[in-house]
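Have a look at the structure below before the remarks.
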Amino acid sequence: MINARVADIFRAIAELLEIRGGNPFRIRAYGRAADRIAAMQEDVGPYAAQGRLEELEGIGKDLAAKIEEIIATGSCRHYEDLKKIIPRGVVDMLAVPGIGPKTAKLFYDELDIRSVAALRRAARRGRLAGLPGVRQKTVENVLKGIELVEKGRQRMDIETARQVAGAVVGELKNLKSVKDIEPAGSLRRGRETVRDIDILAASFKPAQVMEAFVALPFVKRVSAHGATKSSVLTKDDIQVDLRVLAPSAFGAALLYFTGSKDHNIKLRQLAIRKKLRINEYGVFDKKERCLASRSEAEIYARLGMDFIPPELREDKGEIEAARRHRLPRLVTLKDIRGDFHAHTNYSDGRNTPEEMATAARRLGYDYLCLTDHSVSLRVARGLDKERLKKKRAHIDKLNGRLKGLRLLFATEAEIDADGRMDYPVDILRTFDVVVAAVHSGFKQSRAHLTRRIVRACRNPDVHIIAHPTGRQWPARPSYEVDFDEIFKAAAATNTALEINGHPMRMDLGDIPARAAKEAGVRLAIGTDAHDAAHLDYMRFGVGLARRAWLEKKDLLNTLSLEKLLKVIKK
DNA sequence: GCCGTTTTCGGCCCGACTGTTTTCAGTCG
């Protein structure tokens with residue numbers, strides 16, 4: 001996709017300009033444009049063809065011309081010229097924590113270091129010490145940083161992040177000096193994956209909290225330890241940042257520490273236009289009087305806008321919507337009446353239908369789809385005709401006993417290499433709900449995969465398409481599909497697309513899910529539970545749905561059983 | 001390089017921590 005190419009080049013230009021020491025605002029313009037284009041659901045191609053590139057935020061005359069040049073030639077002059085001046089390896093050094101553009105340039109200019117490997121050799125041989133501003137400590141940090149970057153500190157799934165954050169909060173919340181403590185950052189925003197854990201605490205005695213934090217049993221290394229802010233690396237190489245502020249500033253600090261960065265910048269710019277200043281301590285006027293600080297709601301109100309839920313804080317139109325009082329009424333966990341994707345021990349799940357039912361009742365559900373795998377997925381003990389009969393009888397019997405919860409006889413059926421279902425029509429029609437999924441042929445072309453899924457949508461017996469892009473964290477990336485085609489087919493055939501809330505999947509992602517809604521497609525959250533405890537992953541599915549601006553009416557999960565059974569018939 | 005309910009020029013978010021300094025630049029989020 002051309003967007004990725006454009007974004008990569010703009011990001012590279014930003015890095016190269018940083019090292020050269022260009023105008024920081026110009027550098028940021030490239031960086032912002034890169035982020036903006038990477039996050040777009042639509043292709044920039046048509047915008048260029050219609051001369052509408054400058055309508056995009058952050059794209060002016062100059063960048064529009066560069067985008068056109070990249071579309072036409074695959075690259076742009078400016079980028080090619082910069083690459084000749086600064087070797088690739090110098091840019092790679094920026095990935096080392098602690099090394100920024102100035103330091104990378106220093107090493108390159110003074111010692112002609114052109115790669116991370118060369119940097120390590122130079123550090124070990126003692127060639128770095130003695131450079132301006134470099135002494136022993138800096139050399140040590142460079143070596144530690146390289147070690148870290150080579151271990152590949154990658155993003156973690158949201159469940160892992162929640163557990164790590166929970167462990168830290170659990171240890172610190174019992175301290176007398178901690179008045180309040182809450183995870184912030186991308187975890188609070190419900191992002192699909194998380195890089196660092198950010199935690200915010202309110203206390204009158206920040207030093208005590210800092211001491212307790214860096215002394216936690218699972219801390220391997222302390223990378224920063226100040227009066228109100230510390231960073232540590234856990235034994236699993238996960239970075240955790242803790243910031244401590246006075247309770248009176250908790251709202252302002254939570255807002256700041258939750259981000260996103262782009263959201264914060266936009267808010268602060270807005271404040272400047274109102275002759276105000278925002279920082280983590282509050283909203284201040286020109287005379288340094290604090291106008292709001294205790295709660296996030298108070299701060300948004302002071303800026304003349306509605307409260308923005310954390311999941312929306314990505315600078316994707318939420319600030320404008322909040323000012324016009326047009327934010328969506330986001331779906332909540334309480335609105336959810338059932339789960340569309342759960343496995344039992346009939347196929348590859350760990351628990352019996354009874355155990356799954358008990359867990360679903362605990363969550364207060366009206367219904368639960370037991371979507372065991374279909375016949376052709378042998379590795380997952382997919383069900384043949386005989387075992388389907390047994391399962392059907394089993395579920396009917398259970399439903400006779402259960403009060404308040406209905407187990408739906410369902411399947412996660414295979415979409416074959418040509419887009420057909422692996423069960424024949426007479427079997428498909430026996431299910432209450434048919435969830436169709438691609439589990440094979442990931443390497444087919446984008447066009448072929450799109451055709452398969454479109455064909456599944458058009459199948460009158462298919463109700464939901466599971467995990468539409470097939471990604472699995474961390475090993476398997478999404479396969480490429482033409483979302484426009486799939487959304488068109490899904491909307492036209494009343495087929496729902498799944499938001500798979502399993503932390504290893506989180507698929508559809510927030511951006512395509514929002515685009516699906518805008519294309520008139522209904523969505524259905526499924527947890528893909530293979531264990532009764534996994535039904536709790538609904539929280540992640542709902543978080544994702546909220547990030548996609550979804551309201552109650554956009555999801556099948558919010559329908560009563562009666563309505564659901566009516567709506568789902570095609 | 002972008003952008004305008006003060007502006008087509010002159011701004012551009014804001015502060016903590018580190019390591020090296022002795023008042024601050026660089027990095028990070």
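This one's a predicted model, so the numbers in the text were calculated from it and none came from an experiment. Within every chain, numbering begins at 1; the chains are lettered A, B, ... in the order of the sequence lines, protein sequences first and strands thereafter.
- Remark: the separation of the C1' atoms in B:dA16 and B:dT6 is 33 Å, to the nearest Å.
- Within the 4.0 angstrom heavy-atom criterion, no nucleotide atom of any strand lies near A:Leu267.
- Looking at A:Asn500 and A:Asp507, their side chains never bring a donor and an acceptor atom within 3.5 Å of each other.
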Identify every side-chain donor-acceptor pair in residues 470-478 of chain A under 3.5 Å, counting partners at least two apart or on other chains, and give the distances.
unit_1: A:Arg471; atom_1: NE; unit_2: A:Arg505; atom_2: O; d: 3.1
unit_1: A:Arg471; atom_1: NE; unit_2: A:Met506; atom_2: O; d: 3.3
unit_1: A:Arg471; atom_1: NH2; unit_2: A:Glu192; atom_2: OE1; d: 2.7
unit_1: A:Arg471; atom_1: NH2; unit_2: A:Met506; atom_2: O; d: 2.4
unit_1: A:Gln472; atom_1: OE1; unit_2: A:Arg476; atom_2: NH1; d: 3.0
unit_1: A:Ser478; atom_1: OG; unit_2: A:Thr469; atom_2: OG1; d: 3.0

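- What separates CZ of A:Phe257 from P of B:dC14 is a distance of 18 Å, to the nearest Å.
- Between the C1' atom of B:dC2 and the CD1 atom of A:Ile265 lies a distance of 14 Å, rounded to the nearest Å.
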Anything under 3.5 Å between a protein N or O and an N or O of nucleotides 16-20 of chain B, put it in a table, one pair a line.
unit_1: B:dA16; atom_1: OP1; unit_2: A:Tyr281; atom_2: OH; d: 2.6
unit_1: B:dA16; atom_1: O3'; unit_2: A:Thr228; atom_2: OG1; d: 3.4
unit_1: B:dC17; atom_1: OP1; unit_2: A:Ala227; atom_2: N; d: 3.1
unit_1: B:dC17; atom_1: OP1; unit_2: A:Thr228; atom_2: N; d: 2.8
unit_1: B:dC17; atom_1: OP1; unit_2: A:Thr228; atom_2: OG1; d: 3.4
unit_1: B:dC17; atom_1: OP1; unit_2: A:Lys229; atom_2: N; d: 2.7
unit_1: B:dC17; atom_1: OP1; unit_2: A:Lys229; atom_2: O; d: 3.4
unit_1: B:dT18; atom_1: OP1; unit_2: A:His225; atom_2: N; d: 2.6
unit_1: B:dT18; atom_1: OP1; unit_2: A:His225; atom_2: O; d: 3.3
unit_1: B:dG19; atom_1: OP1; unit_2: A:Asn141; atom_2: ND2; d: 3.2
unit_1: B:dG19; atom_1: O3'; unit_2: A:Thr138; atom_2: OG1; d: 3.0
unit_1: B:dT20; atom_1: OP1; unit_2: A:Arg135; atom_2: N; d: 2.7
unit_1: B:dT20; atom_1: OP1; unit_2: A:Arg135; atom_2: O; d: 3.2
unit_1: B:dT20; atom_1: OP1; unit_2: A:Thr138; atom_2: N; d: 3.3
unit_1: B:dT20; atom_1: OP1; unit_2: A:Thr138; atom_2: OG1; d: 2.8

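- Of the residues in residues 74-90 of chain A, not one places a heavy atom less than 4.0 Å from an atom of DNA chain B.
- Rounded to an integer number of Å, the gap from A:Leu53 CG to B:dC2 P is 11 Å.
- Annotation: B:dC24 and B:dT20 have their C1' atoms spaced 9 Å apart (nearest Å).
- Base engagement by A:Lys275 is indicated by at least one non-hydrogen atom pair under 4.0 Å involving a base atom.
- By the salt bridge (Lys or Arg N to Asp or Glu O under 4.0 Å) test, A:Lys179 pairs with no residue at all, sequence neighbours left out.
- Rounded to whole Å, the C1' atom of B:dT7 lies 13 Å from the corresponding atom of B:dC12.
- Remark: the separation of the C1' atoms in B:dC9 and B:dC14 is 24 Å, to the nearest Å.
- To the nearest angstrom, C1' of B:dG15 lies 8 Å from CZ of A:Arg268.
- Here the P atom of nucleotide B:dG1 and the CD atom of A:Glu18 are 15 Å apart, to the nearest Å.
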N/O donor to acceptor pairs below 3.5 angstrom from side-chain atoms of residues 204-222 of chain A, sequence neighbours left out:
unit_1: A:Gln208; atom_1: OE1; unit_2: A:Ser177; atom_2: OG; d: 3.2
unit_1: A:Glu211; atom_1: OE2; unit_2: A:His225; atom_2: NE2; d: 3.4
unit_1: A:Lys220; atom_1: NZ; unit_2: A:Asp237; atom_2: OD1; d: 2.8

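- Applying the ring-ring contact (aromatic ring centres under 6.0 Å, His included) rule to pairs touching residues 231-269 of chain A yields nothing, sequence neighbours excluded.
- Looking at A:Asn23, its side chain comes within 3.5 Å of the base of B:dG1 through a donor and an acceptor atom.
- At a cut-off of 3.5 Å, with distance as the only test, no side-chain donor of A:Ser186 or A:Arg191 sits close to an acceptor on the other residue.
- In summary, the side chains of A:Thr138 and A:Asn141 do not present any donor paired with an acceptor at a separation below 3.5 Å, with no hydrogens or angles considered.
- When the side chain to side chain donor-acceptor pair (under 3.5 Å) test is applied to A:Asp109, the partners found at least two apart in sequence or on another chain are A:Lys105.
- Atom CG of A:Leu255 is separated from atom C1' of B:dG15 by 15 Å (rounded to the nearest Å).
- Straight-line distance from the CD atom of A:Gln269 to the P atom of B:dT6: 15 Å, rounded to whole Å.
- Under the Watson-Crick and G-U wobble criteria, each requiring two contacts below 3.5 Å, nucleotide B:dT8 is left unpaired.
- Under the 3.5 Å distance criterion, with hydrogens and angles disregarded, no donor-acceptor pair is assigned to the side chains of A:Glu15 and A:Tyr30.
- Atom CZ in A:Arg277 sits roughly 10 Å away from atom C1' in B:dG15 (whole-Å rounding).
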Throw together a table of side-chain donor-acceptor distances under 3.5 angstrom for residues 301-314 of chain A, partners on residues two or more places apart or in other chains.
unit_1: A:Asp306; atom_1: OD1; unit_2: A:His325; atom_2: ND1; d: 2.8
unit_1: A:Asp306; atom_1: OD2; unit_2: A:His325; atom_2: ND1; d: 3.1
unit_1: A:Glu311; atom_1: OE1; unit_2: A:Arg546; atom_2: NE; d: 3.4
unit_1: A:Glu311; atom_1: OE1; unit_2: A:Arg546; atom_2: NH2; d: 3.4
unit_1: A:Glu311; atom_1: OE2; unit_2: A:Arg546; atom_2: NE; d: 2.8
unit_1: A:Arg313; atom_1: NE; unit_2: A:Tyr300; atom_2: OH; d: 3.0
unit_1: A:Arg313; atom_1: NE; unit_2: A:Ile308; atom_2: O; d: 2.9
unit_1: A:Arg313; atom_1: NH1; unit_2: A:Glu296; atom_2: OE2; d: 3.0
unit_1: A:Arg313; atom_1: NH2; unit_2: A:Glu296; atom_2: OE1; d: 2.9
unit_1: A:Arg313; atom_1: NH2; unit_2: A:Ile308; atom_2: O; d: 2.9
unit_1: A:Glu314; atom_1: OE2; unit_2: A:Arg189; atom_2: NE; d: 2.8
unit_1: A:Glu314; atom_1: OE2; unit_2: A:Arg547; atom_2: NH1; d: 3.0
unit_1: A:Glu314; atom_1: OE2; unit_2: A:Arg547; atom_2: NH2; d: 3.1

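- Remark: the separation of the P atoms in B:dT18 and B:dC13 is 26 Å, to the nearest Å.
- Residues passing the ring pair (Phe, Tyr, Trp, His ring centres under 6.0 Å) test with A:His502, sequence neighbours excluded: A:His534, A:Tyr537.
- Across B:dG15, B:dG29, B:dC2, the shortest atom-to-atom separation from the side chain of A:Asn279 is found for B:dG15.
- Residues passing the salt bridge (Lys or Arg N to Asp or Glu O under 4.0 Å) test with A:Glu171: none are found, sequence neighbours excluded.
- Within the 4.0 angstrom heavy-atom criterion, only backbone atoms of the sugar-phosphate kind lie near A:Asp62; the bases stay farther away.
- Contact check of residues 24-47 of chain A against DNA chain B (heavy atom, cut-off under 4.0 Å) returns A:Phe25, A:Arg26, A:Arg28, A:Ala29, A:Tyr30.
- By the ring pair (Phe, Tyr, Trp, His ring centres under 6.0 Å) test, A:Phe107 pairs with no residue at all, sequence neighbours left out.
- Minimum atom distance to the side chain of A:Asp198 is reached by B:dG29, of the listed B:dG1, B:dG26, B:dG29.
- A:Lys61 comes within 4.0 angstrom of the backbone, heavy atoms only, and of no base.
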